[in-house]
Visitor: 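Please see the structure below; I have some questions.
All values reported here derive from a predicted model rather than from experimental measurement. In what follows, chains carry the letters A, B, and so on, assigned in the order in which the sequence lines appear, proteins first and then strands, with residues in each chain numbered from 1.
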Amino acid sequence: MEAPGSDPVERENADFVRELVRRDNADGTYAGRVQTRFPPEPNGYLHIGHAKAITLDFELAREFGGTCNLRFDDTNPDTEDTAFVDGILEDLAWLGYPIEGEPLYASDYFEQLYSWAELLIERGLAYVDDSDSETISAGRGGYGKPGVESEWRDRSVEENLDLFRLMRAGEFAEGSRVLRAKIDMQHENMQMRDPVMYRIRHEHHHRTGDSWHIYPTYDWAHGQSDAIEGVTHSLCTLEFDSHRPLYDWYLEQLPLPGDTPRQTEFARLELTHTVTSKRRLAGLVADGVVDGWDDPRMPTLRGLRRRGYPAAAIREFCAFIGVSRTNSRHQIELLESFVRQHLNRTAQRRMAVLDPLRLVITDWPEGRIDEVELTNNPEDPTDGTRRVAFTGELWIERDDFRADPPPKYFRLTPGREVRLRGAYLITCTGFEVGPDGEPTVVYATHDPESRGGNAPDGRKVKSTMHWVSAQHAIEGTAALYERLFSAEVPGEATGDPMDDLDRASRDLRTGCRFEPSLADTPPGAVVQFERLGYFAHDPRAPMLFHRTVGLRDEWARLQQRT
RNA sequence: UCCGGGGUCGUCUAAUUGGCAGGACAGCGGUUUUUGGUGCCGCGUGUAGGGGUUCGAGUCCUCUCCCCGGAACCA
């Protein structure tokens, strides 16, 4: 686990949020205090979109010497679960933001919220409405259309108090009554047309059990929870912009223990070829499109972790894209470039053949085994070397041999000399084909003087290829991934993202031949398969490697153009 | 339809708050290279449109256009 402080974010130009905090500090608004909060609802796992909010909330607090609370926004017992609480805690720690001590919960404030609700009733600012949800919705009016006041709006304080207490006691059926704030049914902002504060739910809550029969709505709980915790800067995404007047209105009516928090909205993170709606992600899991929340194709933090994305790369990406109020969709390639940049520096190199073709060195002495030394990481000399066995019978990549080479093909082809990485220069002398016309074995001779990969006469070859000794190879599986959604903006064409789902997005390659040292790769570790990409060892299944991201591939681009 | 928020290279994002429109990714070319990887060098008529203020406008005013969000007892 890496500490967030290990990669300090250098930003010459502050974003609008940091600018705002700086101004608040200059004005003495909160006496220089900066406190934020990250408020996930425990009804799903964290995804890449949350990572942006997390880094903003936690890093902002850190930069200004403040604190950031983790608060579970558990106001809706219908969908929430402790399994998600545990999962979120785990993902947060992995991302680099471990929570010290116990996390906070909105449900811890249910009693306080309740008494504040009675206070509003006593002041004539809230009332029990017996209408059903359709009636309430219809009464709200519409854009540019006036609202209609509920027939229950002018009940006496006593009656309201009485009914509200019976609601709490569980005397009424779900949906039969709600508590509403009495604000303004003609307000131009729909959120202010007497919003619902409490609804009746006879549902088991993951923390409070069966002790409550009424549950606060998001709007009634959020600002007050912020205030109770002493939050100064409450950051949320743009869709809550129209809720801000309501956030402020509630706080104005109440005797707050301290500072009045303020809400600031920013644009959520969207990525090409990706969906982040919790409903969609849950659907992918439920329909078996993916293996689970931690499927390496999922944009969840646990999916990205299993895929091999370093937490630091995700943090650096979030810091780099910054924060603004412009709706935007970042190209997934930018995130991938951060992943590559990080892995290039840190991942050890290994040789793995994913689509094996037999190569026989015809002039290799019978039974001879040569141990060659290979660098673990050319970007990091301190990472040392390893010894790999070389013999006269090898596996090479099927793509690395062509009987009839296209233009600019530098790899093995009859008559051509290439280098086997760290071993010898070899020259192709022939090949055999099977009934289908595909090569089954390639023959070559080697230059014994070129051990290590260089000939004494200094002659050059245009290609260096990876290989695995047939006698020493271990077998394994590699999972290659395409984007889960083929369209940049899933659903843009038809309105349904599932129309752009690529059901063949996983290409499972069994029978791969790996260099033996891969057996020692710790679960979860990421290595580079030379010339193929970065691969993460599955945390549970030995010898299963997930391709995190490929290498840039000039040859592939060249072929695509022709 | 009403209210609110936005619009800067292909994609994101900056511009000392009115003073040379810069960076990253992507792409293209070159170079280095025992990974067709990495590194290094180079390549850009992008301020949604019209009008105005000003010595000077991405920034201020004005009109227009386009995009996003908002009428759950979800968050």
Visitor: Would you indicate whether the side-chain heavy atoms of L163(A) and Y127(A) approach each other to under 4.5 Å?
Guide: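 When only atoms from C-beta onward are counted, L163(A) and Y127(A) do not touch, as no gap falls below 4.5 Å.
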Visitor: Going by the glycosidic torsion and a 90 degree boundary from 0, is the base of rA72(B) oriented syn or anti?
Guide: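 Glycosidic conformation of rA72(B): syn.
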Visitor: When the distance from CG of L343(A) to P of rU35(B) is rounded to whole Å, what number comes out?
Guide: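 Rounding to the nearest Å, CG of L343(A) and P of rU35(B) are 19 Å apart.
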Visitor: Do the charged groups of D194(A) and R140(A) touch, with an N to O distance under 4.0 Å?
Guide: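 No, this pair does not count.
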Visitor: Hey, does S324(A) reach any base, or is it just sugar-phosphate, or nothing, if we go heavy atoms under 4.0 Å?
Guide: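 Since only primed, P, OP1 and OP2 atoms lie under 4.0 Å of S324(A), the category is sugar-phosphate.
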Visitor: Could you state the atom-to-atom distance from CZ of R416(A) to C1' of rG36(B) in whole Å?
Guide: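 Atom-to-atom, R416(A) to rG36(B), this comes out as 13 Å.
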Visitor: What contact category does K408(A) fall into here, base, sugar-phosphate, or nothing, at under 4.0 angstrom with non-hydrogen atoms?
Guide: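 Base, at least one base atom sits under 4.0 Å.
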Visitor: Please find the pair of heavy atoms, one from V388(A) and one from M351(A), that lie closest to each other, and give the distance.
Guide: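 Between these two residues, the closest heavy atoms are CG1-CE, 4.4 Å.
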Visitor: Could you state the atom-to-atom distance from CG of L532(A) to P of rG36(B) in whole Å?
Guide: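 Distance, rounded to whole Å: 10 Å.
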Visitor: For a quick check of understanding: with a heavy-atom distance under 4.0 Å over all strands, which category does R193(A) fall into, base, sugar-phosphate or nothing?
Guide: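 Nothing, no heavy atom under 4.0 Å.
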Visitor: Using atom P of each nucleotide, how far apart are rU13(B) and rU17(B) to the nearest Å?
Guide: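 Straight-line distance between the two P atoms is 23 Å.
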Visitor: Are R547(A) and E336(A) ion-paired here, with the side-chain N under 4.0 Å from a carboxylate O?
Guide: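 Looking at E336(A) together with R547(A), the answer is no, because their closest N to O distance does not fall below 4.0 Å.
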Visitor: When the distance from CG of L558(A) to P of rG37(B) is rounded to whole Å, what number comes out?
Guide: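 To the nearest whole Å, that distance equals 11 Å.
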Visitor: Between rA21(B) and rU47(B), how many Å separate the two P atoms, rounded to a whole number?
Guide: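 Those two atoms are separated by 13 Å.
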Visitor: Is any NZ, NE, NH1 or NH2 atom of the basic residue among R531(A) and D400(A) found under 4.0 Å from an Asp or Glu carboxylate oxygen of the other?
Guide: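 Yes, charged N to carboxylate O under 4.0 Å.
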Visitor: Please measure how far the P atom in rC55(B) lies from the corresponding atom in rG23(B), and state the result in whole Å.
Guide: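 Those two atoms are separated by 32 Å.
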Visitor: Specify the glycosidic conformation (syn or anti) of rU17(B), with syn defined as within 90° of 0.
Guide: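 You should classify rU17(B) as syn.
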Visitor: Go ahead and name the base partner of rU53(B); Watson-Crick or wobble counts if both distances stay under 3.5 Å, otherwise write none.
Guide: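 Its partner is none (no Watson-Crick or G-U wobble pair with both distances under 3.5 Å).
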Visitor: Please determine which of R180(A), R155(A), R153(A) meets the salt bridge (Lys or Arg N to Asp or Glu O under 4.0 Å) test together with D130(A).
Guide: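 Among the candidates, only R155(A) passes.
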Visitor: Could you point out which residue of F529(A), F535(A), Y534(A) forms a ring-ring contact (aromatic ring centres under 6.0 Å, His included) with F545(A)?
Guide: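 Exactly one option meets the ring-ring contact (aromatic ring centres under 6.0 Å, His included) with F545(A), and it is F529(A).
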Visitor: Heavy atoms only, 4.0 Å cut-off, all strands: where does R325(A) land among base, sugar-phosphate and nothing?
Guide: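 Touches sugar-phosphate only.
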Visitor: Which sits closer to the 5' end of RNA chain B, R349(A) or D241(A), going by the nucleotide each is nearest to?
Guide: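 Its nucleotide being nearer the 5' end, the pick is D241(A).
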Visitor: Rounded to whole Å, how long is the line connecting atom CZ of F266(A) with atom C1' of rC12(B)?
Guide: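 About 16 Å, once rounded to whole Å.
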Visitor: Please test D73(A) against Y105(A) for side chain to side chain donor-acceptor pair (under 3.5 Å), starting from the C-alpha separation and ending with a verdict.
Guide: CA-CA 6 Å; D73(A) 213 341; Y105(A) 296 86; over 6 Å; no
Visitor: Rounding to the closest angstrom, what is the interatomic distance between rG46(B) and rG58(B) at atom P?
Guide: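 Approximately 13 Å lies between the P atom of rG46(B) and that of rG58(B).
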Visitor: Report yes if a donor N or O on one partner sits less than 3.5 Å from an acceptor N or O on the other, where the partners are the side chain of R531(A) and the base of rG36(B); otherwise report no.
Guide: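 Such a pair does not exist between side chain and base.
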Visitor: Round to a whole Å and report the spacing from CG of L335(A) to C1' of rC12(B).
Guide: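 About 12 Å, once rounded to whole Å.
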Visitor: Using the C1' atom in both, what is the distance from rA26(B) to rG10(B), to the nearest Å?
Guide: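 Those two atoms are separated by 8 Å.
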Visitor: Is there a Watson-Crick or G-U wobble partner for rU31(B) with both distances under 3.5 Å, and which nucleotide is it?
Guide: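 Base-paired to rG39(B).
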Visitor: Can you classify the ring geometry of F164(A) versus Y114(A) as parallel (below 30°), tilted (30 to 60°) or perpendicular (above 60°)?
Guide: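 Because their plane-to-plane angle is under 30°, the rings of F164(A) and Y114(A) count as parallel.
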Visitor: Using the P atoms only, state how far rA24(B) lies from rG42(B), rounded to an integer number of Å.
Guide: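 Those two atoms are separated by 11 Å.
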Visitor: Is the ring centre of F16(A) less than 6.0 Å from the ring centre of F266(A)?
Guide: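 They do not qualify: ring centres at least 6.0 Å apart.
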Visitor: Rounded to the nearest angstrom, tell me the gap between atom CG in D15(A) and atom C1' in rU17(B).
Guide: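 The distance from CG of D15(A) to C1' of rU17(B) comes to 16 Å, rounded to the nearest Å.
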Visitor: For the residue pair E229(A) and Y109(A), confirm or rule out a side-chain donor-acceptor distance under 3.5 Å.
Guide: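 Checked: E229(A)/Y109(A) side chains pair up, N/O donor to acceptor below 3.5 Å.
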Visitor: What string of B, S and - do you get for nucleotides 69-75 of chain B 5' to 3' if you count protein non-hydrogen atoms under 4.0 Å?
Guide: SBBSBSB
Visitor: Could you write out each protein N or O paired with an N or O of nucleotides 23-27 of chain B at a distance under 3.5 Å?
Guide:
residue : atom : partner : partner atom : Å
rG27(B) : OP2  : R552(A) : NH2          : 3.3

Visitor: NA contact type, Y409(A), heavy-atom cut-off 4.0 Å: base, sugar-phosphate, or nothing?
Guide: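 Since a base atom lies under 4.0 Å of Y409(A), the category is base.
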Visitor: To the nearest Å, how far apart are E530(A) CD and rG37(B) C1'?
Guide: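 Between C1' of rG37(B) and CD of E530(A): 9 Å.
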Visitor: Which base, if any, makes a Watson-Crick or G-U wobble pair with rC65(B), both distances under 3.5 Å?
Guide: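 rC65(B) is paired, partner rG7(B).
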Visitor: Using the ring of each side chain (for Trp, its six-membered ring), is H50(A) parallel, tilted or perpendicular to H47(A), with breaks at 30° and 60°?
Guide: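 Judged by the thresholds at 30° and 60°, the geometry between H50(A) and H47(A) is tilted.
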Visitor: When the P atoms of rG22(B) and rC43(B) are considered, how many whole Å apart are they?
Guide: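 These two P atoms come out 12 Å apart once rounded.
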Visitor: Distance check, P atoms only: rG49(B) and rC66(B), in whole angstrom units.
Guide: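 It works out to 15 Å between them.
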